[in-house]
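When a ligand or atom number is given, it counts from 1 through the structure's own listing order.
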Amino acid sequence: MSTGTRTRTQVAIVGSGPAGLLLGQLLHQAGIDAIIVERHSAEYVLGRIRAGVLEQGTVEVLDRLGVSSRLHAEGSIHEGVEIGFRGRRHRIPLKTLVGKAVTVYGQTEITRDLMEARAACGATAVYEAVDVELHDWAGISPKISYRRHGVAYEIACDFIAGCDGYHGVSRRSIPPPALNIFERVYPFGWLGVLADVPPPWQELIYANSERGFALASLRSPTRVRCYVQCSLDDRVDDWSDARFWDEFRRRIGEEIADRVIAAPSIEKSIAPLRSFVVEPLRYGRLFLAGDAAHIVPPTGAKGLNLAVSDVFYLHEALRDFYRERSERPLEEYSERCLRRIWKAERFSWWMTRQLHRFPGDAFAARMQETELEYLFESIAAQTSMAENYVGLPFGPSTDSLRTHAAA
Ligand SMILES: Cc1cc2nc3c(=O)[nH]c(=O)nc-3n(C[C@H](O)[C@H](O)[C@H](O)COP(=O)(O)OP(=O)(O)OC[C@H]3O[C@@H](n4cnc5c(N)ncnc54)[C@H](O)[C@@H]3O)c2cc1C
């Protein structure tokens, strides 16, 4: 193996998912130099089908970066969301209740927009970097090393941002005794299908049926994304398209079922459901952000949005460090993130608990029915759900509130 170059940057970012790419652009806008190192090719990263519901705060961050023109042209604004239960659909009018809406725009599209913005400003992103390792992050001269096409590279930096997802190397580089892990694994998964067909629904429908949960979602006026709760033992090959659509129709409610077109899938995958948080998010000069630090079950549509608030806080802390040589914002990073993370974990856990079937727990089933009845009857309960679904606030406005409160 030959030895490649040694480079230096201010912030080395591991991972080119939404967290890493967004942090890269936020730092670029703040005049801070960063290099992104990603294990896979750019095409592979763009091929992953994941989140689609964006909180208003997420859209505002993308607006500030000037990377949202396609989002506003192609994304759709949803002012409400529906919950199906016992054959009836109940609408939660988000906008009416809390004055905010969500935007449906695929994670893949955000990733593409951020990659293009990064290329346009000439910032470095290294793809297909294998054997990424983190060094000396507990001291003041951290480094990362990797190999690319058989050549070894090293990047010296001031800080490392671990944005490499749940299976990445960053969290695994920290000695286990230093990590506080909180975890809940759910006894089912989500089978998701993407299909090119106009959706016969205008807003997302979360259905709790006797056969299990189903979600009717969409990515564009011509593309649907639908899910059914499935067994953790199921494999994608067990589910033909015909079987998936048949099951989806049985769960989503009669009125919609009659209008569902069993289109061929263009992507089909099974995701296990998990709640996971690691504390703290800072280890010396290594900072964790996004899925590297936490996982939520997708029921609350919070995973991508939490990655955005983490890196927003991280870029502010790094900006203040370089501007004012103050360590304080870096010291506060973990606590600021965790306050928001735990609220999103609570909401995602609550949505999951109310909408899925948990076999063999009769008490939990009664509690679920009672909780949903209360939700449909109570404006206060709907407002609470709406407030969380559109996303709790973060960003400069929240910070100035905090500063005023402290003064
Ligand atoms: C199957 C699936 C479906 C999902 N559906 C939804 C949804 O419907 N709604 C929702 O809100 N959220 C959903 N999520 C969650 C959401 O997609 C994530 O929260 C979001 O992608 C987090 O972004 P991230 O940048 O932190 O991590 P990731 O998107 O995981 O990006 C991490 C990046 O780091 C790279 N990487 C990993 N290891 C290394 C390494 N050793 N060296 C270098 N690079 C590395 C990875 O290749 C990847 O590109 C889903 C997640 C999954 C896995």
(message) Is there a polar contact, in the sense of an N or O pair closer than 3.5 Å, between Gly303 and ligand 1?
(response) yes
(request) Assert yes or no for the condition that the ring centre distance of Phe182 to Phe276 is strictly below 6.0 Å. (result) no
(message) Let's go through Arg6 and Glu154 carefully: what are the C-alpha distance in whole Å and the side-chain angles of both, what is the deciding distance for salt bridge (Lys or Arg N to Asp or Glu O under 4.0 Å) to 0.1 Å, and is it a yes or a no?
(response) CA-CA 5 Å; Arg6 288 206 172 114; Glu154 191 176 276; 3.3 Å; yes
(request) Tell me, please: is Tyr127 in heavy-atom contact with ligand 1, that is, under 4.0 Å? (result) no
(message) Below 4.0 Å, non-hydrogen atoms only: which portion of Ala292 touches ligand 1? Side chain, backbone, both or neither.
(response) neither
(message) Under 4.0 Å between a side-chain nitrogen and a carboxylate oxygen: does that hold for Arg357 and Glu210?
(response) no
(request) Determine, for Glu55 against Lys302, whether the closest basic-nitrogen to carboxylate-oxygen distance falls under 4.0 angstrom. (result) yes
(message) Using the salt bridge (Lys or Arg N to Asp or Glu O under 4.0 Å) definition, which of the options Arg251, Arg249, Arg243 pairs with Glu247?
(response) Arg251
(message) Please list the nearest protein heavy atom to atom 26 (O) of ligand 1 with its residue and the distance rounded to 0.1 Å.
(response) Asp291 N, 2.9 Å
(message) Can you confirm, on distance only, whether ligand 1 has an N/O atom lying under 3.5 Å from any N/O atom belonging to Glu38?
(response) yes
(request) Compare Gly15, Ala271, Gly20 and give the one whose heavy atom is closest to atom 1 (C) of ligand 1. (result) Ala271
(request) Could you check atom 13 (C) of ligand 1 against the protein and tell me its nearest heavy-atom contact, residue, atom and distance included? (result) Ala51 CB, 3.7 Å
(message) Assess whether a salt bridge exists between Arg285 and Glu327, defined as any Lys/Arg side-chain N lying under 4.0 Å from an Asp/Glu carboxylate O.
(response) yes
(message) Please report whether the ring centroid of Tyr153 lies less than 6.0 Å from that of Tyr146.
(response) yes
(request) Report yes if the distance between the aromatic ring centroids of Phe159 and Phe321 is under 6.0 Å, otherwise no. (result) yes
(request) With heavy atoms of Gly17 as the reference, note each atom of ligand 1 found under 4.0 Å away. (result) 25 (O), 31 (O), 33 (C), 49 (O)
(request) Using a strict cut-off of 4.0 Å, indicate which atoms of ligand 1 neighbour a heavy atom of Val14. (result) 42 (N), 43 (C)
(message) Taking 4.0 Å as the limit for heavy-atom contacts, which would you say applies to Leu306 with ligand 1: side chain only, backbone only, both, or neither?
(response) neither
(message) Aromatic contact between Phe188 and Phe358, with the criterion being ring centroids under 6.0 Å apart: yes or no?
(response) yes
(request) Look at atom CZ of Arg325 and say whether more than 12 heavy atoms of other residues, nucleotides or ligands are closer to it than 6.0 Å. (result) yes
(message) Nearest 0.5 Å, please: how far is CD1 in Ile144 from CG in Leu134?
(response) 6.5 Å
(request) Identify, by atom number and element, the atoms of ligand 1 in contact range of Ala301, meaning under 4.0 Å from any of its heavy atoms. (result) 11 (O)
(request) Identify whether the distance between the nearest side-chain nitrogen and carboxylate oxygen of Arg219 and Asp196 falls below 4.0 Å. (result) no
(request) Counting heavy atoms only, name the option from His294, Arg50, Arg274 that's nearest to atom 2 (C) of ligand 1. (result) Arg50
(request) Consider ligand 1: state whether an atom of it lies below 4.0 angstrom from any non-hydrogen atom of Arg48. (result) yes
(request) Determine, stepwise, if the pair Cys163 / Leu23 fulfils side-chain contact (heavy atoms from CB on, under 4.5 Å). (result) CA-CA 9 Å; Cys163 300; Leu23 179 62; 4.2 Å; yes
(message) Please work out, at 4.0 Å between heavy atoms, whether the side chain, the backbone, both, or neither of Arg39 comes within that distance of ligand 1.
(response) both
(request) Taking only heavy atoms of Ala19 into account, list the atoms of ligand 1 that are under 4.0 Å away from them. (result) 24 (P), 25 (O), 26 (O)
(request) Could you list which atoms of ligand 1 come closer than 4.0 Å to a heavy atom of His40? (result) 47 (O)
(request) Using heavy-atom distances, let me know which of Asp131, Asp164, Ile144 sits nearest atom 34 (O) of ligand 1. (result) Asp164
(request) Identify whether the distance between the nearest side-chain nitrogen and carboxylate oxygen of Glu387 and Lys343 falls below 4.0 Å. (result) no
(message) Out of all atoms in ligand 1, which are within 4.0 Å of some heavy atom of Val37? Include the element for each.
(response) 43 (C), 44 (N)
(message) Looking at ligand 1, would Pro18 count as a contact under a 4.0 Å heavy-atom criterion?
(response) yes
(message) Out of all atoms in ligand 1, which are within 4.0 Å of some heavy atom of Val169? Include the element for each.
(response) 41 (N)
(request) Run the numbers for me: atoms of ligand 1, each under 4.0 Å from some heavy atom of Tyr227, listed by number. (result) 8 (O)
(request) Specify side chain, backbone, both or neither for Gln107, according to which of its non-hydrogen atoms lie closer than 4.0 Å to ligand 1. (result) side chain
(request) Output yes when the distance from some N or O of ligand 1 to some N or O of His167 is under 3.5 Å, and no in every other case. (result) no
(message) With respect to Val132, determine whether any N or O atom, backbone or side chain, lies less than 3.5 Å from an N or O atom of ligand 1.
(response) no
